[in-house]
Every structure is written in structure tokens, then in C-alpha cells.
Amino acid sequence: MSPRYRAPRGTVDILPEEQPYWEHVYQTATRLCQVYGYSRIDTPIFEEAGLFARGVGQTTDIVQKEMYVFQDRGGEMMALRPEGTANVCRAYIQHGMRNLPQPVRLYYWGPAFRYDRPQAGRQRQFTHFGCEAIGENDPALDAELIELAWRLYQELGIADLTLQLNSVGDANCRPRYLAALKAHYQDKIGSACPDCRARFDKNPLRLLDCKVDSCQPVIASAPPFVDYLCEECAQHFQELRSYLEAMGIPYTLNPRLVRGLDYYTRTVFEIQPPEEGAQNTVGAGGRYDGLIEELGGRPTPAIGFATGIERIIANLKRTSVAVPAIAKPAVFVAYQMSAARSAASRLASELRRAGIAAVMAVGGRSLKAQMRQANAVDALYAAILGEEELATDTVILRRMEDGQQERVATKDVRRLIAKGLRQAR
RNA sequence: GUGGGCGUAGCGUAGCGGUUAACGCGCCAGGUUGUGGCCCUGGAGAUCGAGGGUUCAAAUCCCUCCGUCCACCCCA
């Protein structure tokens with residue numbers, strides 16, 4: 001059976017049973033940001049297409065083949081954001097945040113879009129949580145942000161991730177490294193895989209993370225970037241490492257770690273699950289000291305990090321992390337005979353006004369059916385109103401767990417439920 | 001963009017050329033006298049992804065398209 005309408009390819013409905021995961025991740029992330037002094041920012045989910053072309057990088061796959069671009073009714077080329085950093089930087093410039101005490105620490109949470117073929121761990125609309133610290137090049141800030149990222153996963157209870165770290169230098173030293181890398185490949189490129197032959201000209205840095213077996217020997221013998229860092233970059237990297245060590249953040253140096261986005265300078269890092277998988281990065285980030293200037297601001301150093309919520313949740317499930325349940329109704333209000341209907345409605349209303357989660361039986365079903373629903377919604381209590389209760393201004397309060405029930409005065413119902421709720425915890 | 005797997009009720013599956021398409025879960029309703037969870041009974045719910053073809057006959061064979069999943073590229 002195919003319904004007439006379904007969610008567009010690569011998009012999903014997040015159904016109620018999935019929400020406990022989302023809620024848990026969201027709560028954990030926002031609490032952490034608060035602890036680290038990061039403030040929330042929300043930016044539009046679409047921007048001028050040029051912002052991303054410029055910010056993410058004209059040569060990246062994201063811009064070349066994955067961007068959701070469209071012309072609006074005014075003829076402007078717009079794009080759904082493929083990630084959040086460019087937006088935040090645009091906002092930083094637009095609102096003159098360089099006049100705030102630096103660095104400016106911001107975080108965001110929301111959808112991002114990439115026109116990709118969906119597969120495990122990849123959707124066309126997905127959810128990004130990210131942090132950006134703008135206006136400071138102190139490696140202590142790199143360390144702080146990496147620690148924040150790392151702690152997010154730790155606090156969520158995903159214990160088996162690894163933090164991969166590398167430095168990709170800056171405008172001073174990268175050309176030198178690329179030259180060395182290409183020299184290393186010069187006589188071997190003919191026998192490399194077709195993808196690598198394309199990378200050699202297009203994006204040589206990416207040669208390093210080719211997964212084809214036959215390319216591994218060349219990669220293994222390739223010179224590591226850290227050997228080619230200029231003095232400033234080398235020192236920055238060294239200081240970052242000592243900060244991380246002082247903070248007890250376990251990291252793995254990965255000289256092959258390069259990122260697909262053009263804007264990264266110096267620090268780059270990724271957080272990965274143990275399994276060799278296709279989409280094995282849950283979060284990633286790095287320093288982007290040239291981006292603000294690229295987007296029309298003054299030269300401003302910055303570092304950021306982003307993580308995919310869907311991938312976090314996949315890892316929570318993979319490692320069987322139990323997440324807190326979302327609160328169930330305290331009471332289900334049922335009634336017998338239509339005469340009791342309005343009294344039941346009034347009771348439900350009063351309870352809710354007192355902040356007690358009350359679900360009212362609707363649909364005029366039999367009491368038996370109503371009780372079945374009380375059971376189905378997993379209510380702590382059922383409150384039942386019938387003829388006798390109407391006559392005596394009482395209600396039957398039944399504890400669903402063990403079926404124990406008693407007739408109580410209507411005015412006491414609220415108090416008794418509240419008491420029961422406290423004991424249930 | 002390329003390659004592969006799969007498409008039967010809301011979900012998970014059986015049926016793989018021949019009478020009214022089956023089972024489990026879920027849903028709805030009953031099992032007498034105002035009440036749930038277990039059990040029993042009944043019911044609703046599927047133009048077997050769509051279109052075309054082969055055949056006396058197709059959910060079952062063939063083709064095309066669509067959808068979906070997985071992989072590659074790349075990425076969260």
C-alpha cells in the first residue's frame with residue numbers, strides 16, 4: 001500500500017516513541033552549553049545561496065552537488081542551509097558582535113539540508129547541534145570547545161567513541177604541505193584509484209582519506225601534515241595538545257584526518273564510533289580563522305563544532321543507552337452514564353488547572369473501553385464517576401498498577417493524586 | 001550521479017501460476033448486573049507499490065516506472 005503522500009525522500013517523521021531520545025539529547029546539550037557559557041542563537045534555515053558558496057567553499061561537494069538551491073519569488077538565489085557555521089558567522093558580522101567581549105560563544109540547534117542519496121545515517125533533512133566560539137585564537141579556546149564536544153557524548157553515555165585530532169595548518173604552511181604531498185604522489189598517481197586521480201588535482205588533501213585498499217600504502221608513507229606546520233601553527237597545535245592532556249581528554253592523533261569543508265585551518269577533529277562504518281562520524285569541528293573575513297568581516301579567528309543528532313541517537317541505540325521516559329498522564333478520567341459526563345469533564349479541567357496531567361475519556365465508549373484506554377495511556381490513576389459519585393460528590397480513585405481503589409471526596413482528589421505522584425517517583 | 005537488495009492490511013511476516021489472499025502484533029467490540037492489564041470470541045482493515053505484457057488463469061512469470069533500504073562519492 002502506498003499512500004498518496006509520504007514524507008519527501010530523505011526526510012522522516014519523528015514519532016512520539018522516538019521523542020524520549022530527542023528530548024534527552026536536547027536537554028543534555030543545552031545544559032552543557034549553559035555550563036560552558038555558550039548562548040543560543042537561531043538563524044534562518046535558508047540564506048542567500050552565495051553565503052554558503054562562499055562560506056563552505058565553492059569546491060566542496062556540499063556546494064557543488066548537495067545544496068538545496070532555489071529561486072525565490074523575487075528572483076534571489078536562496079539555499080537551505082547545509083550546515084550552521086556560515087549562518088552564525090554571517091550573524092556575527094551583521095550584528096557587530098566584534099563589539100562584544102571576545103570570544104563570543106554561541107550554540108545552535110536545528111535542521112540542515114543536503115541533497116544526497118539517503119542511506120544509513122544520512123538524510124536530506126537532518127538535525128545539527130553546533131557550537132561556535134568566535135574572536136580568539138588562543139588554543140585554550142580550541143581545548144574548551146573540544147572538551148565541550150567530548151563531554152556531550154560522555155554525559156549522554158556513549159562510552160566507546162574516539163576523538164581524532166589533527167592540524168591542517170594555515171595559509172602559510174598549507175601550500176608547502178600540498179606541494180610535498182603531491183610530490184609524494186607524483187610517480188604513484190598513475191596506479192592510484194580513479195577517485196584519487198581526480199583528487200590529485202581537485203583537492204589533494206582528500207587523497208589522505210581514501211578508503212580503497214590499493215591506495216593505503218601510498219597514504220601510509222605520505223608525509224604527515226604536522227611535519228610541515230609553520231612555527232605558529234606548530235606551537236598552537238602543541239599547546240592545544242597539552243591543554244587536552246591537562247584536562248584528561250583522550251585523543252588520537254590522526255595525520256590522515258582532513259575535512260571536507262574548505263574553511264578549516266589549524267585544528268581539525270572528529271568524533272567517531274569504533275565500528276568501521278560508512279557514516280562513522282558523529283561530530284566534527286575545527287578552527288576556521290579565515291572564514292569571517294571571507295564573508296566580509298574583519299579578520300577574526302574562530303573555532304566551531306557540529307554534531308548530527310540522528311547519528312547521536314543511532315549511537316545511543318547501538319550502545320543500548322536507556323533514556324529517561326517522557327512523563328505519562330497522572331490520571332485518566334472515566335465516567336459511567338452520560339449524566340456523569342460533564343462532571344467528569346469538569347474534574348479533568350480542574351486537575352489540569354492544578355498542573356496534574358489528566359486525560360479525559362472521549363467518544364462515549366463503555367466504561368470497560370474507557371478503562372482499556374486508561375491502561376493504554378499508562379495512567380497512574382483512573383478517576384471514575386458514576387451515578388453514586390454524582391449523588392455523593394465523590395469519585396472512585398483507582399490505582400492502575402495494582403487495582404486498588406477507593407471512593408474519595410471530590411475536593412480531595414487533587415491532593416491524593418499529587419501525593420500518589422510523589423510516591424511513584 | 002553510480003551499483004545492489006527489497007516492495008502483500010498501521011507494523012512484522014506467510015503464500016511464489018489455479019476457488020472468497022493467511023498468521024502474529026496492534027485497533028474496535030463482546031464474554032449479563034458501573035471498571036483496565038491475562039485469557040476466550042467476534043469485527044474492521046489489503047484494488048497483493050503502479051502501469052504494461054505472457055497465460056484459459058498471476059500476489060505469484062517477464063518488462064518499465066515509482067518507492068524504499070544498503071553501498072560508493074561525500075558528509076552529520
Side-chain angles (χ1 to χ4, degrees), chain A residues 1-12 15 17 56-57 59-67 81-85 110-130 149 193-196 198-199 202-203 206 209-212 258-261 270-273 277-285 305-315 332 334-337 339-340 361 363 365-390 395-405 407:
Chain A
M1 228 270 321
S2 344
R4 168 64 187 82
Y5 294 111
R6 34 168 49 253
R9 167 175 293 173
T11 69
V12 295
L15 300 174
E17 66 249 37
V56 179
T59 66
T60 59
D61 275 14
I62 290 178
V63 168
Q64 287 193 340
K65 50 182 221 191
E66 295 170 4
M67 234 182 6
R81 66 181 180 208
E83 53 109 41
T85 300
F113 304 83
R114 286 179 205 173
Y115 190 88
D116 245 358
R117 287 287 290 271
Q119 61 179 284
R122 180 195 292 163
Q123 298 168 186
R124 289 185 175 183
Q125 177 178 337
F126 56 101
T127 310
H128 255 174
F129 161 68
C193 72
D195 284 330
C196 278
R199 290 181 183 115
K202 215 179 72 182
N203 195 348
R206 298 216 66 85
D209 66 354
C210 180
K211 287 150 203 132
V212 175
V258 296
R259 303 282 310 146
L261 286 66
E270 272 186 24
I271 287 128
Q272 302 170 350
Q279 282 70 47
N280 62 354
T281 301
V282 279
F305 150 81
T307 185
I309 309 306
E310 289 82 359
R311 289 189 185 178
I312 288 181
I313 291 173
N315 278 283
F332 185 91
Y335 59 89
Q336 181 251 338
M337 322 276 297
R365 292 169 218 268
S366 66
L367 221 212
K368 184 188 183 113
Q370 295 179 49
M371 290 305 292
R372 231 183 278 126
Q373 295 200 335
N375 191 58
V377 301
D378 209 10
L380 188 62
Y381 287 102
I384 307 167
L385 285 133
E387 269 181 304
E388 277 187 67
E389 289 70 36
L390 274 191
V395 320
I396 299 293
L397 196 57
R398 177 184 179 87
R399 190 162 46 176
M400 295 300 288
E401 191 188 351
D402 55 10
Q404 230 181 72
Q405 68 180 43
R407 183 192 304 279

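Chain identifiers are assigned alphabetically (A, B, ...) following the order of the sequence lines, protein sequences preceding nucleic acid strands; residue numbering begins at 1 within each chain.
Within 4.0 Å of A:Glu83, counting heavy atoms only, lies no atom of the nucleic acid at all. Base contact: A:Gly403 has a heavy atom under 4.0 Å from a base atom. Counting any heavy atom pair closer than 4.0 Å across all strands shown, A:Ala369 reaches sugar-phosphate atoms only and no base atom. Residue-level contact check: A:Glu401 touches the bases, meaning some heavy atom is under 4.0 Å from a base atom. When heavy atoms are screened at a 4.0 angstrom cut-off, A:Arg114 is found touching base atoms of the nucleic acid.
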Problem set entry | Intermediate values then yes/no, side chain to side chain contact (heavy atoms under 4.5 Å, CB included), A:Glu389 and A:Ile384 | CA-CA 8 Å; A:Glu389 289 70 36; A:Ile384 307 167; 5.8 Å; no

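Side-chain N or O atoms of A:Arg81 include one that pairs as donor or acceptor with a backbone N or O of A:Pro111 at under 3.5 Å. Looking only at distances, no side-chain donor or acceptor of A:Arg399 sits under 3.5 Å from a matching main-chain atom of A:Gln404. Panel note: side chain A:Gln370, backbone A:Arg365; a donor-acceptor pair is recorded below 3.5 Å. A distance-only check finds no donor-acceptor pair linking the side chain of A:Thr307 to the backbone of A:Phe129 [under 3.5 Å].
Partner assigned to B:C39 is B:G31, using Watson-Crick or G-U wobble distances below 3.5 angstrom. Base pairing of B:U47 is not made with any nucleotide, judged by Watson-Crick or G-U wobble geometry with both donor-acceptor distances under 3.5 Å. When both distances must be under 3.5 Å, the Watson-Crick or G-U wobble mate of B:U68 is B:G5. Remark: B:G24 base-pairs with B:C11; criterion is Watson-Crick or G-U wobble with both hydrogen-bond distances under 3.5 Å. Base pairing annotation: B:U19 forms no Watson-Crick or G-U wobble pair, as no partner gives both donor-acceptor distances under 3.5 Å. Base pairing of B:U55 is not made with any nucleotide, judged by Watson-Crick or G-U wobble geometry with both donor-acceptor distances under 3.5 Å.
Note on A:Arg117: every side-chain N or O is 4.0 Å or more away from OP1 and OP2 of B:G1. Phosphate proximity of B:U68 to A:Arg9: present, with a side-chain N or O under 4.0 Å from OP1 or OP2. One finds no side-chain N or O of A:Gln119 lying less than 4.0 angstrom from the OP1 or OP2 phosphate oxygen of B:C69. Listed pair A:Arg372 / B:A29 meets the phosphate criterion, a side-chain N or O lying under 4.0 Å from OP1 or OP2.
Separation of the C1' atoms belonging to B:G12 and B:G17 is 26 Å when rounded to the nearest angstrom. Going from the C1' atom of B:C56 to that of B:U19 covers 15 Å, rounded to whole Å. Using atom P as the reference point in both B:U32 and B:A46, the two lie 32 Å apart (nearest Å). Comparing the C1' positions of B:U33 and B:G24 gives an interatomic distance of 35 Å, to the nearest angstrom. Comparing the same atom, P, in B:C61 and in B:U8 gives a spacing of 15 Å after rounding to whole Å. Nucleotides B:G49 and B:G15 are separated by 15 Å at their P atoms, to the nearest Å. For the C1' atoms, the distance linking B:G67 with B:G51 amounts to 14 Å, nearest Å. Comparing B:C62 with B:C16, their C1' atoms sit 15 Å apart, to the nearest whole Å.
Between A:Asp116 and the choices A:Gln123, A:Lys65, A:Arg122, the side-chain hydrogen bond (donor to acceptor under 3.5 Å, both in side chains) rule is met once, by A:Arg122. For the side chain to side chain contact (heavy atoms under 4.5 Å, CB included) with A:Phe332, the lone residue among A:Met400, A:Gln373, A:Arg398 that qualifies is A:Gln373.
For A:Asp61 and B:A76, the CG to P distance is 11 Å, given to the nearest whole Å. Here B:U33 presents its P atom at 15 Å from CD of A:Glu387, a figure rounded to the nearest Å. Rounding to whole angstrom units, CG of residue A:Asp116 and C1' of B:C70 are separated by 14 Å. At whole-Å resolution of the value, CG in A:Asn375 and P in B:C27 are 10 Å apart. As rounded to whole Å, 12 Å separates atom C1' of B:G34 from atom CZ of A:Arg398. Rounded to an integer number of Å, the gap from A:Glu310 CD to B:A76 P is 13 Å. Spacing between atom CD of A:Gln405 and atom C1' of B:G36 amounts to 11 Å, rounded to whole angstrom units. Taking atom NZ of residue A:Lys368 and atom P of nucleotide B:U32, one finds them 8 Å apart after rounding to whole Å.
Here the nucleotide nearest the side chain of A:Met371, chosen from B:G36, B:A71, B:U68, is B:G36. Distance from the side chain of A:Glu389 is smallest to B:G34 among B:C69, B:G34, B:C74. The nucleotide whose nearest atom lies closest to any side-chain atom of A:Lys65 is, among B:U35, B:U68, B:C73, B:C73.
Take the nearest nucleotide of RNA chain B for A:Arg407 and for A:Thr127: the residue whose nucleotide is more 5' is A:Arg407. Nearest-nucleotide positions on RNA chain B for A:Ala7 and A:Ala379 put A:Ala379 closer to the 5' end.
Stacking of A:Arg124 on the aromatic ring of A:Phe113 is not recorded, the 6.0 Å distance cut-off and the 45° axial limit not both being met.
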